[in-house]
Enquirer: 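Just passing along the structure, written as structure tokens.
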Amino acid sequence: MIAHGDVSGIAGSALFASLPPRCWAYLADSSRTVEARPGSTVQLAGEPVSRLVLITAGALHVIREDRSGHQRHVRILGPGRHLGLVEFALGCPARHSVVAAEATTLTTVSHDALRAAAAACPVLHDSITRALAEKVVESEQHLDSLTSEDVSTRLVSYLRSLPATPGRDGRSRVRLPVSQSDLASHLGTTPETLSRRLHDLIDSGAVERVARREFVLEHGRLTRY
């Protein structure tokens, strides 16, 4: 990974949106922009964590490995997401390994700087609490999806959660940040089943493939799932 100093990556983060200008100085000195190459390791499970990582472009795989060595993609983090906040709050080592799914731009802020900013600006405590609560809700929803929804519903929910470019006709365009094989792992299914369900959506007119990883969503038809 290649790193250089920069504060632009934290300026647009919802986590820091409520901070008054005087508090930015606590974060600016430790802020670094990191370019992660596809496949490069961002974090290893069990290692100490000393920084918050904000994703400004690209995507990361959050990977869990069981006792037999089998790996599963438990989360896919795209622009606007972050990692290292749970470890900051609990003072624990990394819970998962994290790998760049594609060329990814990251902004890092040291936990020490985050701690100093929170001490000087109590409003940051509220923002951190809200972000942690959102992670709990997201985890509950994902678990419920895996146990009670079929693959088509899971796929539609994921597609609708992606950053979208609105079209004039009420449709929107989205881009998969990962391969279909990795997405299948994240959704708790096989690549073959995911491929069949995606083709079902395309045949129904709810989804149109416009490039290898780019799709146009017809939201009216997607509501059927």
Side-chain angles (χ1 to χ4, degrees), residues 1-17 26-67 69-118 124 127-128 131-132 134-136 138-139 142 158 161-163 174-188 213:
M1 293 191 293
I2 304 170
H4 51 87
D6 189 5
V7 297
S8 61
I10 61 177
S13 172
L15 187 63
F16 302 118
Y26 293 96
L27 305 171
D29 289 343
S30 76
S31 175
R32 296 290 183 273
T33 295
V34 179
E35 304 294 339
R37 298 184 178 91
S40 62
T41 299
V42 176
Q43 175 179 287
L44 284 174
E47 71 177 7
V49 178
S50 61
R51 59 183 181 165
L52 177 74
V53 178
L54 308 167
I55 298 94
T56 55
L60 299 178
H61 287 314
V62 179
I63 301 170
R64 173 177 292 168
E65 185 172 312
D66 60 26
R67 293 180 180 178
H70 177 71
Q71 293 185 341
R72 179 167 176 267
H73 296 86
V74 295
R75 275 190 296 161
I76 300 168
L77 303 178
R81 307 298 297 278
H82 49 74
L83 69 143
L85 197 61
V86 171
E87 289 80 0
F88 168 78
L90 298 179
C92 65
R95 298 170 303 131
H96 307 294
S97 294
V98 179
V99 175
E102 58 184 1
T104 303
T105 303
L106 310 169
T107 299
T108 68
V109 178
S110 76
H111 282 179
D112 287 342
L114 190 60
R115 194 171 293 109
L124 183 54
S127 183
I128 290 173
L132 291 171
E134 289 170 351
K135 281 183 175 292
V136 172
E138 178 187 350
S139 296
H142 186 57
Y158 179 78
S161 74
L162 293 172
V174 299
R175 176 182 178 275
L176 287 183
V178 295
S179 68
Q180 286 187 208
S181 177
D182 290 337
L183 179 58
S185 176
H186 173 67
L187 296 179
R213 287 192 186 180

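Bear in mind the structure is a predicted one, so any value in this text is a computation, not a measurement.
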Enquirer: Are side-chain heavy atoms of E134 and V136 found at a separation under 4.5 Å?
Expert: no

Enquirer: Could you report the tightest heavy-atom contact between T104 and A100, atom names first, then the distance?
Expert: OG1-CB, 4.1 Å

Enquirer: How far apart are the closest heavy atoms of H96 and I63, and which atoms are they?
Expert: CB-O, 3.4 Å

Enquirer: With sequence neighbours left out, write down each residue that passes side chain to side chain contact (heavy atoms under 4.5 Å, CB included) with L90, or none if nothing qualifies.
Expert: V86, C92

Enquirer: Restricting to side-chain hydrogen bond (donor to acceptor under 3.5 Å, both in side chains), what partner residues turn up for Q43, sequence neighbours left out?
Expert: none

Enquirer: Are the side chains of L106 and V42 in touch, meaning some heavy atoms are under 4.5 Å apart?
Expert: yes

Enquirer: Could you tell me if S185 and D182 have a donor-acceptor pair between their side chains, going purely by distance under 3.5 Å?
Expert: no

Enquirer: Under a 4.5 Å cut-off applied to non-hydrogen side-chain atoms, are V98 and T41 in contact?
Expert: no

Enquirer: Report yes if some heavy atom in the side chain of I55 is under 4.5 Å from a heavy atom in the side chain of L60; otherwise report no.
Expert: yes

Enquirer: Step through the shown structure and confirm whether more than 12 heavy atoms of other residues, nucleotides or ligands are within 6.0 Å of CZ on F16.
Expert: yes

Enquirer: What residues, two or more places apart in sequence or in another chain, satisfy side chain to side chain contact (heavy atoms under 4.5 Å, CB included) together with R115?
Expert: F88, H111, D112

Enquirer: Which heavy atom of L15 sits nearest to which heavy atom of A131, and what is that distance?
Expert: CD1-CB, 3.9 Å

Enquirer: May I ask you to say whether R37 pairs ionically with E102, meaning some side-chain N is under 4.0 Å from a carboxylate O?
Expert: no

Enquirer: Evaluate Y26 against L114 for side-chain contact (heavy atoms from CB on, under 4.5 Å), listing each step before the verdict.
Expert: CA-CA 7 Å; Y26 293 96; L114 190 60; over 6 Å; no

Enquirer: Over all heavy atoms of both residues, which pair between S30 and V109 is shortest? Give the atoms and the distance, please.
Expert: OG-CG1, 3.7 Å

Enquirer: I need the E87 CD to R95 CZ distance, nearest 0.5 Å.
Expert: 5.0 Å

Enquirer: Could you check whether any side-chain heavy atom of T33 comes within less than 4.5 Å of a side-chain heavy atom of E35, counting everything from C-beta outward?
Expert: yes

Enquirer: Hey, does I128 have a side-chain heavy atom less than 4.5 Å from the side chain of L85?
Expert: yes

Enquirer: Rounded to the nearest 0.5 Å, how far apart are NE2 of H61 and NE2 of H186?
Expert: 10.5 Å

Enquirer: Enter the distance from L162:CG to L176:CG here, rounded to the nearest 0.5 Å.
Expert: 6.5 Å

Enquirer: Any side-chain to backbone donor/acceptor pair from S127 onto L124? Under 3.5 Å, distance only.
Expert: no

Enquirer: At what distance, to the nearest 0.5 angstrom, does OG of S110 lie from CZ of R32?
Expert: 9.0 Å

Enquirer: Quick check: does any side chain N or O of T108 sit under 3.5 Å from a backbone N or O of V53, one acting as donor and the other as acceptor?
Expert: no

Enquirer: As a quick check of understanding, evaluate side-chain contact (heavy atoms from CB on, under 4.5 Å) for V62 and L83, giving each step before the final call.
Expert: CA-CA 9 Å; V62 179; L83 69 143; 5.9 Å; no

Enquirer: What are the two closest heavy atoms between A59 and P177, and how far apart are they?
Expert: CB-CB, 3.5 Å

Enquirer: Could you tell me which non-hydrogen atom of V178 sits nearest to which non-hydrogen atom of A101, and how far apart they are?
Expert: CG1-CB, 3.8 Å

Enquirer: Roughly how far apart are L54 CG and H82 NE2, rounded to 0.5 Å?
Expert: 7.5 Å

